[in-house]
There are 4 protein chains.
Amino acid sequence: MEDVVGTKGRPRDPETTRLIQKVALDLAYSGGIGNATVERIAEHSGVAKTTIYRRWPNAASIVMDGFLDEIGPLIVYDEKRSIVTTLKSNIRHLVNALKGRRGDLLRHLVGAAQTNDELREAFLHQLIEPRRTLAREAFQRAIARTELRAEADAEIILDLIYGAVYYRLFVSFAPFHAKFVDQIVDRAFHGMTTDP
Amino acid sequence: MEDVVGTKGRPRDPETTRLIQKVALDLAYSGGIGNATVERIAEHSGVAKTTIYRRWPNAASIVMDGFLDEIGPLIVYDEKRSIVTTLKSNIRHLVNALKGRRGDLLRHLVGAAQTNDELREAFLHQLIEPRRTLAREAFQRAIARTELRAEADAEIILDLIYGAVYYRLFVSFAPFHAKFVDQIVDRAFHGMTTDP
Amino acid sequence: MEDVVGTKGRPRDPETTRLIQKVALDLAYSGGIGNATVERIAEHSGVAKTTIYRRWPNAASIVMDGFLDEIGPLIVYDEKRSIVTTLKSNIRHLVNALKGRRGDLLRHLVGAAQTNDELREAFLHQLIEPRRTLAREAFQRAIARTELRAEADAEIILDLIYGAVYYRLFVSFAPFHAKFVDQIVDRAFHGMTTDP
Amino acid sequence: MEDVVGTKGRPRDPETTRLIQKVALDLAYSGGIGNATVERIAEHSGVAKTTIYRRWPNAASIVMDGFLDEIGPLIVYDEKRSIVTTLKSNIRHLVNALKGRRGDLLRHLVGAAQTNDELREAFLHQLIEPRRTLAREAFQRAIARTELRAEADAEIILDLIYGAVYYRLFVSFAPFHAKFVDQIVDRAFHGMTTDP
DNA sequence: TTTTAATCGAGACGGTACGTCGCGTCTTGTT
DNA sequence: AACAAGACGCGACGTACCGTCTCGATTAAAA
């Protein structure tokens, strides 16, 4: 969604790209996604609107890009001994990353994604699917090594687990308490692991 | 969020209230929530903008009210023999109600609710919480009659079930397949029922 | 423009009439004629809009009525020994009455009268013409007693004198200096009096 | 009050400026100054409201600018043999220019100027003062060449003459008859010229 | 004493216009 | 080409007043 252009003429300044993203993210953090308008980003960064539109189709996309860049490294995927432990660790990172202002911004972004296909694609393909794919593969390995019973349905279990997390964020607007992650993961896997 | 006013002066015309709501909903269904602007609702209904603003603070609230009025009766709560059957029936109604254009509109509304507290309250208190309360009470009765094991945690199980539904709607944008409801409910309750 | 109504039914409260006028005038003095809206007069007086519209056709008319009531007694017409002295005294009263905030309000009212026939009529028939008629009659008496030459044209002389006053007020926005009244009256009458 | 802007960025289209002015003037002539609203000017000209507000602060200012552009050339200043002849010719042009719809529009504009400082300044500095300055200078030359007596006070004489004209227009709402100009000028200058 | 008729307060209502914000596109001159 | 600057058409916002209307509650003279 960026600096891919022809070879002739003056090249786009990557510093400008970064600056736009930073300013957009700052504005969104400080006043909600509605505060990050192209108009304001231009003004606060000293960059012309045309320069912005050359890189992104709308303001929310800039914020989304900035947000994904920021949140990515925070949700470490790190495979543990068992699938349950792996998922618990993984979800815990997710839940921690979404505490406070970052969760609010994600809410705003997902909100905007409901009426904007570009945002939806970005959100889905850059945040949701990659992590789900990793988890799905871990499922297969767990079944292969008979840690999980063969009939364990990754899609259902992952829908339940991720669902519970995002449900609290977007739907019931409830905070995450300390035992939440353990409880949902345990419940979703109940009776599917071969160990006692 | 509406005709709740004092006894003095000329009373608000309830017919006008209904008309505004209907027009708003029609516009939202035909072109997304962005199509339901106060300007357009006024134009299409022959009602003055001031008359609209006297009842609702913004266009999305009108659509939300209309939507909640419409969807309410569709999600029948109807208690069956067992808690599992009750929930399956209940969730099936929900899932059916949210197929097609109604699901899209709910997505838009929940999207808007992420940046608008009034919408969020309406959505939460008029749609989410009443149903959750009914389910919570059914849980207690099921435990009382020893259909459910005493350690069954209603909050966790309901987060998982409702979460999975709304996750598909808002986050993974995946359709509901035929066995989905049975699968998620069974998985969430696994090992918690006393019958075989 | 007021309390003239049928005999049956509840009579209009003359106290209310006075209150409306007072509030309107106060608003106009404190924030210009644009501050005296029917809406605001109603709010500040605790009187209903219908009650106001039953008495006057618009806000400016209320202010005009209040203003004319107030300014009338200030512009004393008081016939002196000679026509020149009479006019000088008369104009001096006018000029004094129009100093400060009263002049500003008259400017606003005459401004509004340019686009509002009702105001124009009120202004003309209640303020301008009565005084002009008195002056015209004084002219005739002055000619009759050979104080003024027979060819003295009252219309021209009065247009010049009154014109100069209102010109400073509405057109050149210049203040009235001490000798102004004497100078314009003397100049307008030059060579028309029979003495010295 | 217009195209006075820096050199940077896309320049304002002067054609658009002229178009706006023309449409505003047409609207004002056909339905009074109240007919020339920014909304209507935008609609009738196909120009966006923002484009209009970028040039003028309100509708009346546009009409004023258009009016001054139009009336300027009509009030020819053309110095004759004597000061009296010069002024008569000058005032005759003014009176002729203000006959009919143009006089009505000026009335509306001056009316609006009573509550709007920007209009007042424009009217004063672009219409009133330049002509008054020319006349004042002609006075000085007439005194220098002993055509006028040295004690002739330009300010008083001009207040009387211009005053009489505008008084008929704004205050007494009386038409200009054929001999009016000669009469007021002769009367105002009476005894001040050195020739018989 | 009961009508009957108008007044009064409150506030709804359809309108018109306001001035502003943000959008995404465009046209300048400069780098 | 990219870039800063800013014009431009557009759509919508939420507000202010307008003058009219519909309520229920007074108030006074006529029946």
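Lettering follows sequence order; numbering is per chain, from 1. Please read these numbers as outputs of a predicted model, since none were measured by experiment.
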Whichever of B:E39 and D:G46 has the more 5' nearest nucleotide on DNA chain F, that residue is D:G46
5'-most contact on DNA chain F (nearest-nucleotide basis), C:A36 vs B:A36, goes to B:A36
Please report the distance, rounded to the nearest Å, between [atom1] in [X] and [atom2] in [N].
{"X": "D:R12", "N": "E:dC26", "atom1": "CZ", "atom2": "C1'", "answer": "16 Å"}
{"X": "C:I41", "N": "E:dA10", "atom1": "CD1", "atom2": "C1'", "answer": "18 Å"}
{"X": "B:I52", "N": "F:dG14", "atom1": "CD1", "atom2": "P", "answer": "11 Å"}
{"X": "B:L19", "N": "E:dG14", "atom1": "CG", "atom2": "P", "answer": "9 Å"}
{"X": "C:W56", "N": "F:dT20", "atom1": "CH2", "atom2": "C1'", "answer": "19 Å"}
{"X": "D:E43", "N": "F:dG11", "atom1": "CD", "atom2": "C1'", "answer": "14 Å"}
{"X": "C:D13", "N": "E:dA6", "atom1": "CG", "atom2": "P", "answer": "18 Å"}
{"X": "A:I33", "N": "E:dG22", "atom1": "CD1", "atom2": "P", "answer": "14 Å"}

Measuring from the side chain of [X] (C-beta onward, heavy atoms only), which nucleotide among [options] has the closest atom?
{"X": "D:Y53", "options": "E:dG19, E:dG14, E:dG24", "value": "E:dG19"}
{"X": "D:T50", "options": "E:dG15, F:dC13, F:dG9", "value": "F:dG9"}
{"X": "C:T37", "options": "F:dG14, F:dA7, F:dC17", "value": "F:dC17"}
{"X": "B:R10", "options": "E:dT27, E:dG15, E:dG11", "value": "E:dG11"}

Would you indicate, yes or no, if [N] has its OP1 or OP2 atom less than 4.0 angstrom from a side-chain nitrogen or oxygen of [X]?
{"X": "A:T51", "N": "F:dA2", "value": "no"}
{"X": "A:R54", "N": "F:dC3", "value": "yes"}
{"X": "B:R40", "N": "F:dA12", "value": "yes"}

(message) Checking side-chain polar atoms at under 3.5 Å, does B:R12 have a donor or acceptor matched by the opposite partner on B:T17?
(response) no
### Message
Could you check whether the side chain of C:K49 and the base of F:dG19 have a donor-acceptor pair of N or O atoms closer than 3.5 Å, going by distance alone?
### Response
yes
Would you say B:Q114's side chain and B:V110's backbone share a donor-acceptor pair under 3.5 angstrom? yes
Between B:H108 and B:I33 (side chain of the first, backbone of the second, donor and acceptor by atom type, cut-off under 3.5 Å), is there such a pair? yes
*Are the charged groups of B:D104 and B:R101 less than 4.0 angstrom apart, N to O?*
no
Original post:
Any salt bridge between B:R18 and B:E15, counting N to O under 4.0 Å?
Top reply: yes
Between C:P11 and D:G9, whichever has its closest DNA chain E nucleotide further toward 5' is C:P11
Ranking C:T16 and D:N58 by the position along DNA chain E of their nearest nucleotide, the one closer to 5' is C:T16
